[in-house]
Amino acid sequence: MVKDNPKQQLVANRETLERIFHRPENDQSRVVLTKYMEQILFGLHDFLREHVGITEEISLRLLASRFTSSDIARSPVKKLADVISEIIEEIAPHAVNVSSPYFVGHMTSAIPFFMVHLSTIVAALNQNPVKLETSKVVSVYERQVLAKVHRLLFGLDQEFYDTNVQKPESTLGSFVEDGTLANLTALWVARNRLFSPSSGHAGVEQEGLAAAMEARGIRRVRVLVSELCHYSIRKAAGVLGLGSQAVVPIPVDHSNRMDVQALRRVVEEMRRDTGTAVLAVIGIAGTTETGAVDPLHAIADLCREHRIHFHVDAAWGGPVLLSQRYAGLLEGIQRADSVTIDGHKQFYLPMSCGMVFFKDPEAMDAVAYHAAYINRPGSVDLGIRSLAGSRSATSLVLGSALDIMGSGGYALLIDHGIETARAFAEEIRRRPMFELVTAPELNILTYRIAPGQWRASSDIDEDKSLDMLNRINIRLQRLQREAGNSFVSRTTLRRFGQPDTVVLRAVIMNPRTTPEILRSILAEQENIYLERIAPSLPRP
Ligand SMILES: *Cc1c(COP(=O)(O)O)cnc(C)c1O
């Protein structure tokens, strides 16, 4: 078929290949490429800003039906300009506007504008810190960034950092994909140190867990952590060959912090059984569901007494240390042997940037690997002690962000989150239709809608009330999400001795989320309940 204005046929040939690997050679193509960057920076950013809603109302089934073809076209089908416009016009509106100040349900949120520039630099340089030969200065830069965060966490003395920051044999921490792999790395190191090589045994890393346990006469390995732990801990236990059931959940107290008396009883009981080894005790600095911080000092005392590896999962809460006002909430973290922290959470980095730190700069020797063609012993290649091989130079983003924001800039974000969450909690307490379930210790709180007639009373027993409120809150959260104006998440709090409770969960990290916006979210929830849920309910 012949068209009046036939679309230019796209072809893959040497000439175009040359072009895409070259810098824009003339002024005209420079202008075009700069225009594309503008489109990304402003087209996308304006879209996110104007689109205060969360997402367009469209079914996932319909969306999925547009993405079913699985063949790779032989000839190019789109130009860069088309790809950019399509992503802005067709993908973005159906993605989730996590930068909306009305999006307060998850740990993923708005990021500072400059992060886009920094990520572009990382892509443009394309360094690979796995080895010096592909990163050079970026490897030593990364060591400096790791030292800065290590110092924030552990606060050791100047001499320690002067000695270790660039010492090839020292490893203060490691960048990994995310918090999940940071927790895995911490437990990997702890496992290998527990089952280190001994006479007649080459260690667990070489001989495997079965041989290591037999050599030590150990039948069970356990990891102790609060029942509110992130599921990455169980994954790690699975990957490390301990089995996810090796993770023993310790009950929490009424504030959702690990009950240290209960922990003590479990540790002492396990210590009496020579066949059981405690691999690590984990304290959480900001639980994913409620933001609670475990009593880190008390856990540290117990770990020191019994010589157990003490890991702190501060994936969420770590950056609170940047706030002079609230750093005290994490007291005791400096006594950990290892700490997990996520850059893509409260350091406000783009996805994704996990980090794990070890107080002992030699701890990561327990997971060192050498490959003849890249990481020779004695070299400073960062891939030697790292779960990842090739990876991006995320340190450039974090290091630059620390320079641009200063700890003072981050403190403003942290303080805003904590203080706005507290104000939100007050607002929830004031409203008769709601119930605050867990008060915010950091910037996370949970609550539920609990209309008077469905609360437990002489007319309605506890079980029936709970069941009804659980169902109401599940529907409420779904209807609000589907309406697409605002978003809070939902979880089920499962705690020893308490019935499973469905709650709405708010995470306040966007500096543009104001108490007024939060009030409007509550008002929307009241409306949804009164107009769309209450009419269909039976009478209590
Ligand atoms: C988010 C989180 C994790 C997991 O982090 P990912 O980056 O999602 O893998 C682990 N622990 C806690 C406490 C978290 O909040």
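We count ligands from 1, going down the list as the structure has it; atoms in each ligand are counted the same way.
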So the atoms of ligand 1 within less than 4.0 Å of a heavy atom of A315 turn out to be 2 (C), 3 (C), 10 (C), 11 (N), 12 (C), 14 (C)
Residue pair E441 / S255, side-chain donor-acceptor N/O under 3.5 Å: no
Return the closest protein heavy atom for atom 5 (O) of ligand 1 as residue, atom name and distance. D342 OD2, 3.2 Å
Partner residues of Y326 under the ring pair (Phe, Tyr, Trp, His ring centres under 6.0 Å) criterion, sequence neighbours left out: none
Looking only at distances, can you tell me whether any N or O atom of T288, backbone or side chain, sits closer than 3.5 Å to an N or O atom of ligand 1? yes
Closest non-hydrogen protein atom to atom 11 (N) of ligand 1, residue and atom name please, with distance? D313 OD2, 2.6 Å
Is there a donor in the side chain of H230 and an acceptor in the side chain of S232, or the other way round, less than 3.5 Å apart? yes
Test item: side-chain donor near acceptor, E289 and N256, under 3.5 Å: no
With respect to G286, determine whether any N or O atom, backbone or side chain, lies less than 3.5 Å from an N or O atom of ligand 1. no
So the atoms of ligand 1 within less than 4.0 Å of a heavy atom of K345 turn out to be 1 (C), 2 (C), 3 (C), 4 (C), 5 (O), 14 (C), 15 (O)
If we count only N and O atoms by modelled type, under 3.5 Å, do the side chains of T446 and T290 hold a donor and an acceptor together? no
Got an N/O contact under 3.5 Å between T287 and ligand 1? no
Atom 10 (C) of ligand 1 has as its nearest protein heavy atom H230 CG, 3.3 Å
Modelled atom types, side-chain donor and acceptor of D500 and T492, under 3.5 Å: no
Any heavy atom of L181 under 4.0 Å from ligand 1? The part involved is neither
Looking at ligand 1, does H344 have a heavy atom less than 4.0 Å from it? yes
Please could you name the atoms of ligand 1 that T180 approaches to less than 4.0 Å, counting only its heavy atoms? 4 (C), 5 (O), 6 (P), 9 (O)
With no hydrogens and no angle check, just 3.5 Å: does a side-chain donor-acceptor pair link Q525 and Y447? yes
Does either side chain, that of H344 or that of S352, offer a donor lying less than 3.5 Å from an acceptor on the other one? no
Tell me the protein heavy atom at minimum distance from atom 6 (P) of ligand 1, and give that distance in Å. G179 N, 3.5 Å
Numbered in order shown, the ligand 1 atoms found under 4.0 Å of a heavy atom of M107 are 15 (O)
A student checking ligand 1 against W316 at a 4.0 Å heavy-atom cut-off should list atoms 15 (O)
Is it the case that T185 and N183 place a side-chain donor and acceptor less than 3.5 Å from each other? no
Would the F154 and F160 ring centres measure less than 6.0 Å apart? no
Could you tell me which atoms of ligand 1, counted from 1 in the order shown, lie closer than 4.0 angstrom to a heavy atom of S232? 10 (C)
